[in-house]
Amino acid sequence: MLDINFIRENRELVKQGMSAKGEKDHSIVDQVIEVDEEWRSVVTSIDRLRAESNKKSKQIGELMARGEREEAQALIAETGESKDQLKKLEESKEALQARRESLLYQIPNIPDPSVPVGKTPEENEVFKEWGERLDETWRKPHWELAEQKGWIDFERGAKVTGAGFPFYVGDMARLQRALINFFINEAVGEGYKELQAPYFVNEDSARGTGQIPDKEDMMYEIGRDGFFAIPTAEVPVTNFHRSEILSHDELPLYYVAYTPCWRREAGSYGKDVRGLNRLHQFDKVELVKIVTPEESMNELETLRIYAEGLLEKLKLPYRTLLMCTGDMGFTQSKKYDLEVWSPGQQRWLEVSSCSNFGSYQARRMQLRYRNDKEKIEMAHTLNGSGLALPRIVASILETYQNEQGDVVLPDVLVPFMGKEII
RNA sequence: GGAGGGAUGGCAGAGUGGUUGAAUGCGGCGGUCUUGAAAACCGUUGAGGCUUCACGGUCUCCGGGGGUUCGAAUCCCUCUCCCUCCGCCA
């Protein structure tokens, strides 16, 4: 969430940001400022009343200590009415606070000035394109090849769990493992610290990274124990330092974690969900950075360049999109998407999303650091996929297949697979 | 799952209803001493809010939430987490 004081001082800027992100109605900005003003006046009254009654209690204590019971009783009798008043004020303070919070949760992060203004995905800027897009007509989409080879068992996955929960079989199972190892090794070599994270998180964590309130529909719930199945490793990994005050010489922090990811993907259909294009469970290696505000925009660039490098090592043609304001998402201030070319489908597939959240997540989870002047301020958080597996697999199968229907693996994966052709 | 014990500042650890936001030790920071350092000594050292141009004033926080009381770290309820024992178990 944004800082209420920032909103107060930058009312118009926040409204502009909301409009740029496609929110028509920005009256909540005025509402939240109004509620906050009320809240502050109530707090002032409460403080004053409390100060008075604290003083009285102290006097009562002194009187009791001296054994002057009569005088003490007289003072105790006086305290009754302010107690009722305090209780009422306390209640309205709670209510105002809850209201203010729920309004704050509805105000998105404001886009960085470098982000192109736009409403639809068509207005995203093609920031970079790498490699030759293959377009031979004999190339099969990955699901056909996988079926031919018996590599992915969608039917049995559907029987055992449901649609979108495939089994990977034989070489394909091994390919998953190879990619995960390749990605983690690369990241560790780049200075990221490897974490193995919990696959379920509690409500506070889901709130910290912004999955709730509002987007709880994307997550599977373990209701009985109050957990959520993680939709991305971003959630546990960013929350690793929730409610902490880090020191500036600890920053920047770089983490890498492999986890499965679970997403309900309610409402998806058609070609978007063919084969591996969209699943309810998939594997992803995720990168998370916790940095100082001064560095966060540079860190976003190095994150993007790193993720692009993975695709280049795999020799998969891709393009990088700089997302426009309207297609960027609620909590981000700037975001790049990396899309890999799928020659069997003749379309781009998103395989990584690299975002800077500024202090938006950090404020939610009270992730702070002491700057070099020993002042405490919010850290900045970033994350990026490095990378998501299923669409990479799709692209590998389609890019590296030959006309006989075999797949000649990218060089960098050979050591992990123990063979060159599958 | 059952029984019991615990959770206090960066760390260790006092405190069981009154002037305790919290003794003491360690650590950190500043200083004295010293050519320098160590030791010793002195001082200082939590977070957040409201208010103020500022100085300051004031409120909240002793795992989370609720309650009793004029007053709660201290009493009661509840939840979470940690430890010990029993049970179960990859």
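Keep in mind it's a predicted model, so treat the numbers as computed, not measured.
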- For I60(A) and G18(B), give me the distance from atom CD1 to atom P, rounded to whole Å. 14 Å
- Query: If you measure from the P atom in U74(B) to the same atom in G65(B), how many Å do you get, rounded?
  - Reply: 13 Å
Each nucleotide N or O in nucleotides 74-77 of chain B that has a protein N or O under 3.5 Å away: list the pair and distance.
none

- Message: I'd like to know if D171(A) and R174(A) make a salt bridge, using a cut-off of under 4.0 Å between side-chain N and carboxylate O.
- Response: no
- How about Y360(A) and Q332(A): does a side-chain donor come under 3.5 Å of a side-chain acceptor? no
- Mark up nucleotides 52-67 of chain B, 5' to 3', with B wherever a protein heavy atom is under 4.0 angstrom from a base atom, S wherever such an atom reaches only the sugar-phosphate, and - elsewhere. ------SSS-------
- Message: Less than 4.0 angstrom from a charged side-chain N to a carboxylate O is my criterion; do K87(A) and E90(A) meet it?
- Response: no
- Query: Does G87(B) pair with anything, Watson-Crick or G-U wobble, both distances under 3.5 Å, and if so, with which nucleotide?
  - Reply: none
- Would you confirm whether the ring centroid of H248(A) sits within less than 6.0 angstrom of the ring centroid of Y369(A)? no
- Pairwise P distance for G2(B) and C11(B), with rounding to whole Å: 32 Å
- Across the strands shown, which category fits L75(A) at heavy-atom distances under 4.0 angstrom: base, sugar-phosphate, nothing? nothing
Distances under 3.5 Å between nitrogen or oxygen atoms of protein and nucleotides 46-48 of chain B:
unit_1	atom_1	unit_2	atom_2	d
A47(B)	OP1	R370(A)	NH1	3.4
A47(B)	O3'	R368(A)	NH1	3.4
G48(B)	OP1	R368(A)	NH1	3.3

- Message: Between G5(B) and U69(B), how many Å separate the two C1' atoms, rounded to a whole number?
- Response: 28 Å
- Residue matched to C81(B) through Watson-Crick or wobble contacts both under 3.5 angstrom: G6(B)
- Query: Within 45° of the six-membered ring axis of Y336(A) and under 6.0 Å from that ring's centre, is NZ or CZ of R304(A) located there?
  - Reply: yes
- Charged N-O contact under 4.0 Å between E23(A) and K21(A): no
- Looking only at atom C1', what distance separates U80(B) and A23(B), rounded to whole Å? 30 Å
- Note on the structure: Closest to the side chain of R40(A), out of C50(B), U19(B), C70(B), is C50(B)
- Query: Roughly how many Å is it from CD in E90(A) to P in C50(B), rounded to a whole number?
  - Reply: 16 Å
- Which whole number of Å gives the distance between the C1' atom of C41(B) and that of U51(B)? 41 Å
- Item | V115(A) to C324(A) - nearest heavy-atom pair and separation | CG1-C, 4.0 Å
- Query: So what does S57(A) touch, heavy atoms closer than 4.0 Å: a base, only the sugar-phosphate, or nothing?
  - Reply: base
- Note on the structure: By the Watson-Crick or G-U definition, both distances under 3.5 Å, A40(B) is matched with U32(B)
- Is there a Watson-Crick or G-U wobble partner for A22(B) with both distances under 3.5 Å, and which nucleotide is it? none
- F227(A) CZ to U80(B) C1': how many Å, rounded? 11 Å
- Whole-angstrom distance between G1(B) and U20(B), as gauged at atom P: 44 Å
- Message: Taking D84(A) first and then K88(A), would you say they form a salt bridge - that is, a charged N and a carboxylate O separated by under 4.0 Å?
- Response: no
- Could you work out the separation of C50(B) and C42(B) based on their C1' atoms and round it to a whole Å? 36 Å
- Let me know, please, whether S53(A) or G61(A) comes out on the 5' side of the other along RNA chain B by nearest nucleotide. G61(A)
- Message: Restricting to non-hydrogen atoms, name the atom on Y258(A) and the atom on I184(A) that form the minimum distance, rounded to 0.1 Å.
- Response: CB-CD1, 3.6 Å
- Provide the Watson-Crick or G-U wobble partner of G27(B), both distances under 3.5 Å; none if there is no partner. U45(B)
- Query: With a 3.5 Å cut-off and no angle check, do the side chains of T331(A) and N109(A) form a donor-acceptor pair?
  - Reply: no
- Task: Between M64(A) and V43(A), just flag the one whose closest nucleotide in RNA chain B comes earlier from the 5' side.
- Result: M64(A)
